[in-house]
Structures are given as structure tokens and as C-alpha cells.
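This chain uses plain numbering: 1 for the first residue, then up along the sequence.
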Amino acid sequence: MSTASASASPPAPSLGPSSGPPSSLRERKKRRTRQLLVDTSLELFTERGFGNVTLDELCDSVEVSKRTFFRYFTSKEDVAMAPTQDLWLTFVDVLETADLGPADRPVLLLIQDTLLTALDRTTTDDWSHRVLLSRNLAERTPSMDAHGLHFCDRTTRAALATLHRRLDIPDPADLRPRLAVDMVVAAFHCALATWASATGTASRTAPSPDSLATHTRHAFTALAAAPTFPVTPRQDTSPPP
């Protein structure tokens, strides 16, 4: 996720995991339709290629109109990246009500704990499989990468706006909250990459979602030690393998 000022608007509402439990039959139907769009899009894009599936074909496969599609997603890129976007929307929701802890608690720890809570609320076996398919698609689809950068920018703005609203930050230009968000996001990206690499690219079975939290905690531990990582010159001048 990229950085921006804390005054911008938060991401648009979602019917994903961040929206809480469904309260009516109507809401349950909406969630099922949304999930069917996600699952079908990932299946079609993986089998035929992102650019070889039109929006009309996707909607026909789910038996919904394009008008219905746009009630849930803004584009093919949006639906293809829904699994990880749902996690970050949940993160923003959790941050709104997270226990701030003692006054001397580092904001970095608050953000880390918030992300771990969001992971606990989001991750399931089905979710981990969808994330793996989405990641594989993004690696070979430039438009998904661009969409992801835009989404991350909006989500970072939302998180910063929440921090500035809930915390006593006298100087609006203080860079520390923004840098704390950036560091947690960077650590999670590293964790997600190592977690995904646990499954071969030819496999359609994602690693255990529980292990993603373990990888994330490991990345947070490495993040805490990164500022003091020493500069030790190599004694062997040959290039690394």
C-alpha cells in the first residue's frame, strides 16, 4: 500500500468480510452473489487468461446483469483482487474500534495487532485459495497491479484518517503514523510472498490460512530488528550464489 495524506476519503463500502454478519435474507443473497462473482472470475481468468474473458462473459456465467455486477465491483480488476482487498477493508474496520492500549504503546504495535485481528476474521481455507489465484493472476496482469496500487493508496488514506481521528497527533504533518502503516504493509507483503511460495505454482491448493498469521508474526519480528541490522562487509569477494 502506498502513502498519502490523512484527509482523503476512505474506500467505498464493501459487502465483503469487513461488512460484518448478514442481518437479513436480502443481505445473505447479496453476499452469495458477490462471492459467486469472485469465485467465477478467478476460475475463468485462471483458465483462459484475464484479457481473454469479457465482462459480458463473466456476467453470463453467473447469470447476472452488468448492472448487478457494478453494484459490487468497479471493474474486472476489482473483482479479481477482492480476496486481499477484503482483508484490508476488514483491517480498516477493525482499526476504527481497536483497543488502543496504554498511552505509551507504540502505534506500530497497534497497527500490527489490528492486521492480525483482521487476518483472524478473514482467513478461511476458501479465502486462502482465492488469494493464491488472485496473486498468480496479478503477477502476469499489469492492469491488476495498477488497480492494486490505487486501492492501497485509498486504504492507506483511510487508515491514516482513522489514526488521526483516534490518536492525539498534534502535528498533522507528523510522518511517524504514515511510516508505521507503510512498514506494516511492507512486512505483510513479505509474509504473503513467503506464505504463497509454500505451494508450487502448478498446485491449486493454497497453504493453510493459519500459517499466514505465523508468517506475518515472523515478518513483524524481523521488522522490529531491521533498524539495528548491522553492516558487515563480506570477507569472500566472490558474487553470492
Flag, side chain of R166 to backbone of L95, donor-acceptor distance under 3.5 Å:
yes
Can you tell me if R165 has over 12 outside heavy atoms packed within less than 6.0 Å of its CZ?
yes
From M144 atom CE to S75 atom OG, the distance as rounded to the nearest 0.5 Å
9.5 Å
Under the 3.5 angstrom rule, does the side chain of N52 hit a backbone N or O of R48 as a donor-acceptor pair?
yes
Closest approach of E96 and T162, non-hydrogen atoms and distance?
OE2-OG1, 3.2 Å
So, using side chain to side chain donor-acceptor pair (under 3.5 Å) as the criterion, who are the partners of T221 when residues are at least two apart?
none
Output every pair passing salt bridge (Lys or Arg N to Asp or Glu O under 4.0 Å) with a member in residues 216-229, not counting sequence neighbours, ordered by first then second residue.
none
When you compare the side chains of Q35 and D126, does any donor N or O come within less than 3.5 Å of an acceptor on the partner?
no
Under 3.5 Å, is there a donor on one side chain and an acceptor on the other for H150 and E77?
no
Could you pull out the closest heavy-atom pair between V184 and L223, with the gap in Å?
N-CD2, 4.5 Å
Return the orientation label for the F151 and H147 ring planes: parallel under 30°, perpendicular over 60°, tilted otherwise.
parallel
Could you pull out all residues at least two apart from K66 that satisfy salt bridge (charged side-chain N to carboxylate O under 4.0 Å, His left out)?
D56
Will you find, in the side chains of T68 and S65, an N or O donor that is under 3.5 Å from an N or O acceptor?
yes
Nearest heavy-atom neighbours spanning F69 and L58:
CE1-CD2, 3.9 Å
Sidechain-backbone polar pair: T194 side chain, A191 backbone, donor-acceptor under 3.5 Å
yes
Exam field: side chain T155 to backbone C152, donor-acceptor pair closer than 3.5 Å:
no
Within a strict 4.5 Å, meaning less than it, do heavy atoms of the L87 and F188 side chains meet?
yes
Kindly say whether V53 contributes a backbone atom to a donor-acceptor pair with the side chain of K76 at under 3.5 angstrom?
yes
Suppose the criterion is ring pair (Phe, Tyr, Trp, His ring centres under 6.0 Å): which pairs have a residue in residues 27-65, not counting sequence neighbours?
F45-F50
Checking side-chain polar atoms at under 3.5 Å, does T122 have a donor or acceptor matched by the opposite partner on W127?
no
With sequence neighbours excluded, residues passing side-chain contact (heavy atoms from CB on, under 4.5 Å) with T214
none
Excluding sequence neighbours, so at least two apart, what forms side chain to side chain donor-acceptor pair (under 3.5 Å) with D174?
R176
Output yes when D99 and R105 qualify as a salt bridge under the 4.0 Å nitrogen-oxygen rule, no when they do not.
no
